[in-house]
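All values derive from a computational prediction rather than experimental measurement.
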Amino acid sequence: MESFSSKDMAMQAQKKILSHMANKSVVHMFIDDTSSEILDELYRVSKEYSGNRSEAQKVVKDLIKIAVKIGVLFRHNRFSPEELSLAQDFKKKLHQGAMTAISFYEVEFTFDKTVMSEILTECRDLLLKLVDSHLTAKSHGRINHVFNHYSDPELLTQLYNPDGSFKPNLTKICTGLNRLLEEGTL
């Protein structure tokens, strides 16, 4: 017997369409201004660090695609109670990461690349478990790409260098993270 669900088909179409539309103008429809500003700064950091504009665009585009796809899955109630528990664990770990990033920024000489890298790696692993049965291997690759890029200890070291060129970017990223934490968004 053939199993067909128009609801499933609609969700698949939404994920597909939205993943193809991950550009700046569409992002503003789905992501608040503060998150958009953080993404812009992450792009600038990636571009400067890698020296490769297209690689920086790809990392941020992958991040947006994953966020949108997970949003579609939540909106369509696709997660089981166990997966929702994993989602809460991910949210807590992401919150911890934001608090740690801000703390490292505000208190000079406290930055520890290992701690920050481990938090991001744990976020990646939780997210991969959450979407394991919902997204394709290509999407899993996007998650790995984003988290492996931003958890790179050398990138983190340059980002948190108090005399480095990324100081203004870090300031804007942490200001945005602070705002998201205050609003309860993160």
Side-chain angles (χ1 to χ4, degrees), residues 15 18-19 22 24 26-46 49 56 59-79 81-108 110-131 134-135 139-140 142-153 155-156 159-160 166-186:
K15 286 186 340 189
L18 291 174
S19 73
K24 196 167 184 163
V26 174
V27 167
H28 286 293
M29 291 184 343
F30 293 101
I31 298 176
D32 61 84
D33 288 342
T34 303
S35 297
S36 182
E37 290 166 10
I38 293 170
L39 288 172
D40 288 345
E41 292 308 315
L42 288 173
Y43 164 75
R44 289 181 188 106
V45 167
S46 295
Y49 176 72
V59 171
V60 173
K61 194 172 188 175
D62 284 352
L63 177 57
I64 293 165
K65 284 181 177 185
I66 293 303
V68 168
K69 285 182 178 189
I70 291 170
V72 169
L73 290 169
F74 267 115
R75 193 168 142 240
H76 288 276
N77 299 315
R78 293 298 184 200
F79 294 117
E82 295 81 20
E83 290 169 331
L84 289 172
S85 176
L86 267 175
Q88 281 302 318
D89 292 345
F90 172 75
K91 188 174 179 182
K92 286 177 192 171
K93 186 56 72 174
L94 199 58
H95 185 270
Q96 177 193 359
M99 296 288 286
T100 303
I102 293 166
S103 175
F104 284 158
Y105 165 72
E106 290 178 345
V107 184
E108 283 195 23
T110 58
F111 171 70
D112 184 338
K113 65 183 174 189
T114 306
V115 170
M116 200 71 231
S117 185
E118 284 175 1
I119 290 172
L120 290 169
T121 300
E122 289 172 28
C123 282
R124 179 201 64 203
D125 293 344
L126 285 168
L127 192 56
L128 285 169
K129 281 183 197 171
L130 174 65
V131 300
H134 299 283
L135 298 179
S139 292
H140 290 211
R142 286 186 179 115
I143 292 169
N144 281 317
H145 182 229
V146 169
F147 281 95
N148 291 347
H149 177 77
Y150 288 113
S151 66
D152 175 3
L155 169 64
L156 292 169
L159 181 62
Y160 278 91
F166 293 129
K167 184 79 172 172
N169 306 95
L170 183 61
T171 299
K172 290 176 185 173
I173 291 168
C174 289
T175 299
L177 289 174
N178 241 333
R179 200 173 315 133
L180 291 177
L181 289 169
E182 287 170 3
E183 294 167 356
T185 307
L186 187 62

Distance in Å, [X] [atom1] paired with [Y] [atom2], rounded so as to fall on 0.5 Å steps:
X	Y	atom1	atom2	answer
Lys61	Tyr43	NZ	OH	12.5 Å
Ile143	Ile70	CD1	CD1	5.5 Å
Leu73	Arg78	CG	CZ	8.0 Å
Leu130	Asp125	CG	CG	12.5 Å
Phe104	Thr110	CZ	OG1	5.5 Å
Asp40	Asn169	CG	CG	11.0 Å

*Would a 4.5 Å heavy-atom cut-off, applied to side chains only, mark Ile66 and Leu127 as touching?*
yes

Salt bridge (Lys or Arg N to Asp or Glu O under 4.0 Å) with [X]: which residues, sequence neighbours excluded?
X	answer
Arg124	none
Glu118	none
Glu83	none
Lys113	none

*Test Leu128 against Phe147 for side chain to side chain contact (heavy atoms under 4.5 Å, CB included), laying out the working first.*
CA-CA 11 Å; Leu128 285 169; Phe147 281 95; over 6 Å; no

*For Leu39 and Ile64, run side chain to side chain contact (heavy atoms under 4.5 Å, CB included): C-alpha distance rounded to whole Å, both residues' side-chain angles, the deciding distance at 0.1 Å, then the answer.*
CA-CA 9 Å; Leu39 288 172; Ile64 293 165; 4.0 Å; yes

_Geometric class of the Tyr160/Phe111 ring pair [parallel <30°, tilted 30-60°, perpendicular >60°]_ = parallel

*asked:* Quick check: closest heavy atoms across Leu159 and Val45, and the distance to 0.1 Å?
replied: CD1-CG2, 3.9 Å

*Closest heavy-atom contact between Leu156 and Tyr150?*
CD2-O, 3.5 Å

_For Ser151, is there any backbone N or O sitting under 3.5 Å from a side-chain donor or acceptor partner on Ser117?_
yes

*Any donor-acceptor pair under 3.5 Å from His140 side chain to Leu135 backbone*: yes

Show the atom names and distances, to 0.1 Å, of all donor-acceptor pairs under 3.5 Å that link a side chain in residues 93-102 to residues at least two apart or in another chain.
{"from": "Lys93", "atom 1": "NZ", "to": "Gln96", "atom 2": "OE1", "distance (Å)": "2.9"}
{"from": "Lys93", "atom 1": "NZ", "to": "Glu122", "atom 2": "OE1", "distance (Å)": "2.6"}
{"from": "Thr100", "atom 1": "OG1", "to": "Gln96", "atom 2": "O", "distance (Å)": "2.7"}

*Give a yes-or-no answer on whether the side chains of Ser139 and Lys69 include a donor-acceptor pair shorter than 3.5 Å.*
yes

Below 3.5 Å, can you tabulate the donor-acceptor pairs from side chains in residues 170-186 to any protein atom, sequence neighbours excluded?
{"from": "Thr171", "atom 1": "OG1", "to": "Tyr105", "atom 2": "OH", "distance (Å)": "3.0"}
{"from": "Thr171", "atom 1": "OG1", "to": "Lys167", "atom 2": "O", "distance (Å)": "2.9"}
{"from": "Thr175", "atom 1": "OG1", "to": "Thr171", "atom 2": "O", "distance (Å)": "2.7"}
{"from": "Arg179", "atom 1": "NH1", "to": "Thr34", "atom 2": "OG1", "distance (Å)": "3.1"}
{"from": "Arg179", "atom 1": "NH1", "to": "Glu37", "atom 2": "OE1", "distance (Å)": "3.4"}

